[in-house]
Colleague: 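Here it is: the structure, laid out below.
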Amino acid sequence: MPPQASPLTVHDTSGPRDPDSSVPRPAGGTPSSVLDLNTYLLYAAGKAARRRLTERLTAHGLRLWHLTIMAMLDDAGPLSKGDLASGLDMNQSDLTRSVNDLVRSGYVECARDPADRRRIEVALTAAGRCALSALDADVSATETELLAPLTREERERFGSLLRRVYTHLERGRYGAAPDVSAAVPGTRLTRA
């Protein structure tokens, strides 16, 4: 008879796991070993954030990519479809579909670049700026809901840390050597 795998033990997560910790673990079936995986926590928090924001955007007939494209155009000004896709790490066909949705809504307009007729420039319209401004309240409400357990200072620190991780990942995406100078003391980095 083959040996049976031992069942996964779910530890009591209703209180602090570490006696020095003042942060209780959530009740439920997620094992503490999983809750110790930062990558899982990033995934789960991101999934919850996306779901909540998607609900709010859907009420306006928009998706997260629509918001992201409009925000990027608001910050950077007109961009080519290729630059938008690259900057957002988005598949070109998905970007085109999202841009076409925004054109139909009147939030962006597309025009051929006079210097290079193959290049299509995408620009935010006045209606797009207005819509983006109106969406600020929904985005802020979603962030407030998600980050409710954190103080204002903790939210600022959390945002700063997320931006630092994001910047580190982006450097690696563009071929620059990842910044490992901020590695956690006591951890080892191994190279394959």
Colleague: Is any side-chain heavy atom of Thr68 less than 4.5 Å from a side-chain heavy atom of Met90?
Modeller: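 Side chain of Thr68 against side chain of Met90, heavy atoms only: no contact under 4.5 Å found.
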
Colleague: Tell me whether the count of non-hydrogen atoms from other residues, nucleotides or ligands lying under 6.0 Å of CZ in Arg50 goes above 12.
Modeller: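 No - once you tally the heavy atoms of other residues, nucleotides and ligands closer than 6.0 Å, there are 12 at most.
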
Colleague: Are the side chains of Leu37 and Tyr43 in contact, using a 4.5 Å heavy-atom criterion?
Modeller: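 With C-beta onward as the side chain, the pair stays apart.
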
Colleague: Within the distance-only criterion (no hydrogens, no angle test), does the side chain of Ser80 pair as donor or acceptor with the backbone N or O of Glu121 below 3.5 angstrom?
Modeller: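 It does not hold such a pair.
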
Colleague: Do Leu62 and Asp101 come within less than 4.5 Å of each other through their side chains, counting heavy atoms only?
Modeller: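 With C-beta onward as the side chain, the pair stays apart.
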
Colleague: With rounding to the nearest 0.5 angstrom, report the CG to CD1 distance, Asp94 to Ile69.
Modeller: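 Between atom CG of Asp94 and atom CD1 of Ile69 there are 9.5 Å.
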
Colleague: Report yes if the side chains of Glu109 and Val103 come closer than 4.5 Å at any heavy-atom pair, otherwise no.
Modeller: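 Contact flag for Glu109/Val103 side chains = no.
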
Colleague: Strictly below 4.0 Å, N to O, side chains only: are Arg152 and Glu156 in salt-bridge contact?
Modeller: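 A salt bridge is present here (some side-chain N lies under 4.0 Å from a carboxylate O).
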
Colleague: For Asp74, is there any backbone N or O sitting under 3.5 Å from a side-chain donor or acceptor partner on Arg129?
Modeller: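 No, the answer is negative, given that no donor and acceptor are paired below the 3.5 Å cut-off.
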
Colleague: Do Leu150 and Phe158 have side-chain heavy atoms sitting under 4.5 Å apart?
Modeller: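 Of all side-chain heavy-atom pairs linking Phe158 with Leu150, at least one is under 4.5 Å.
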
Colleague: Is Ser86 reaching over with its side chain to a backbone N or O of Gly82, donor-acceptor style, under 3.5 angstrom?
Modeller: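 The answer is no, because no donor-acceptor pair under 3.5 Å joins these two groups.
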
Colleague: Tell me if a side-chain donor or acceptor on Arg52 pairs with a main-chain N or O of Leu146 at a distance below 3.5 Å.
Modeller: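 Not at all, since once roles are kept as given, no pair shorter than 3.5 Å links the two residues.
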
Colleague: Using a 4.5 Å cut-off on heavy atoms from C-beta on, say whether the side chain of Cys110 contacts that of Lys81.
Modeller: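 A side-chain contact under 4.5 Å exists here.
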
Colleague: Return the OG to CE distance between Ser98 and Met70, rounded to the nearest 0.5 Å.
Modeller: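 Going from OG on Ser98 over to CE on Met70, the span is 11.5 Å.
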
Colleague: Please check if the side chain of His66 supplies one atom and the backbone of Arg63 the other of a donor-acceptor pair under 3.5 Å.
Modeller: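 Judged by distance alone, yes, a pair lies under 3.5 Å.
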
Colleague: How about Leu53 and Leu67: do any of their side-chain heavy atoms sit closer than 4.5 Å?
Modeller: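 When only atoms from C-beta onward are counted, Leu67 and Leu53 do touch, with a gap below 4.5 Å.
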
Colleague: Heavy atoms only: give me the nearest Ala127-Gly106 pair and the separation to one decimal.
Modeller: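 Looking at all heavy atoms of both residues, the closest pair is CB-O, 3.6 Å.
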
Colleague: Would you give the length of the straight line joining atom CG of Leu42 to atom CG of Leu162, rounded to the nearest 0.5 angstrom?
Modeller: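 Reported value, rounded in 0.5 Å steps: 7.0 Å.
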
Colleague: Out of curiosity, does Leu161 fall in the hydrophobic cluster containing Leu41 (side-chain heavy atoms, cut-off under 4.5 Å, transitive links)?
Modeller: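 Unlinked, Leu41 and Leu161 end up in two clusters.
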
Colleague: Which pair of heavy atoms, one from Leu79 and one from Leu73, lies closest together, and at what distance?
Modeller: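 In this case the closest contact between Leu79 and Leu73 is N-CD2, 3.9 Å.
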
Colleague: Spell out, yes or no, whether Ile120 and Val108 are grouped together once hydrophobic residues are joined by side-chain heavy atoms under 4.5 Å, including indirect joins.
Modeller: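 The answer is no; the residues belong to distinct hydrophobic clusters.
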
Colleague: How many angstroms lie between CH2 in Trp65 and CG in Leu88, if you round to the nearest 0.5 Å?
Modeller: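 Between Trp65 CH2 and Leu88 CG, I get 5.5 Å after rounding to 0.5 Å.
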
Colleague: For Gln92 and Ala85, which heavy atoms make the closest approach, and how far apart are they?
Modeller: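 Distance-wise, the nearest heavy atoms are OE1-CB, 3.7 Å.
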
Colleague: Closest heavy-atom contact between Glu154 and Pro149?
Modeller: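 Nearest heavy atoms, Glu154 then Pro149: OE1-O, 4.1 Å.
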
Colleague: Does the side chain of Arg97 reach to within under 4.5 Å of the side chain of Asn91, using non-hydrogen atoms?
Modeller: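 They are not in side-chain contact.
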
Colleague: Between OG1 of Thr142 and CG of Leu147, what distance do you get to the nearest 0.5 Å?
Modeller: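 Thr142 atom OG1 to Leu147 atom CG measures 10.5 Å (nearest 0.5 Å).
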
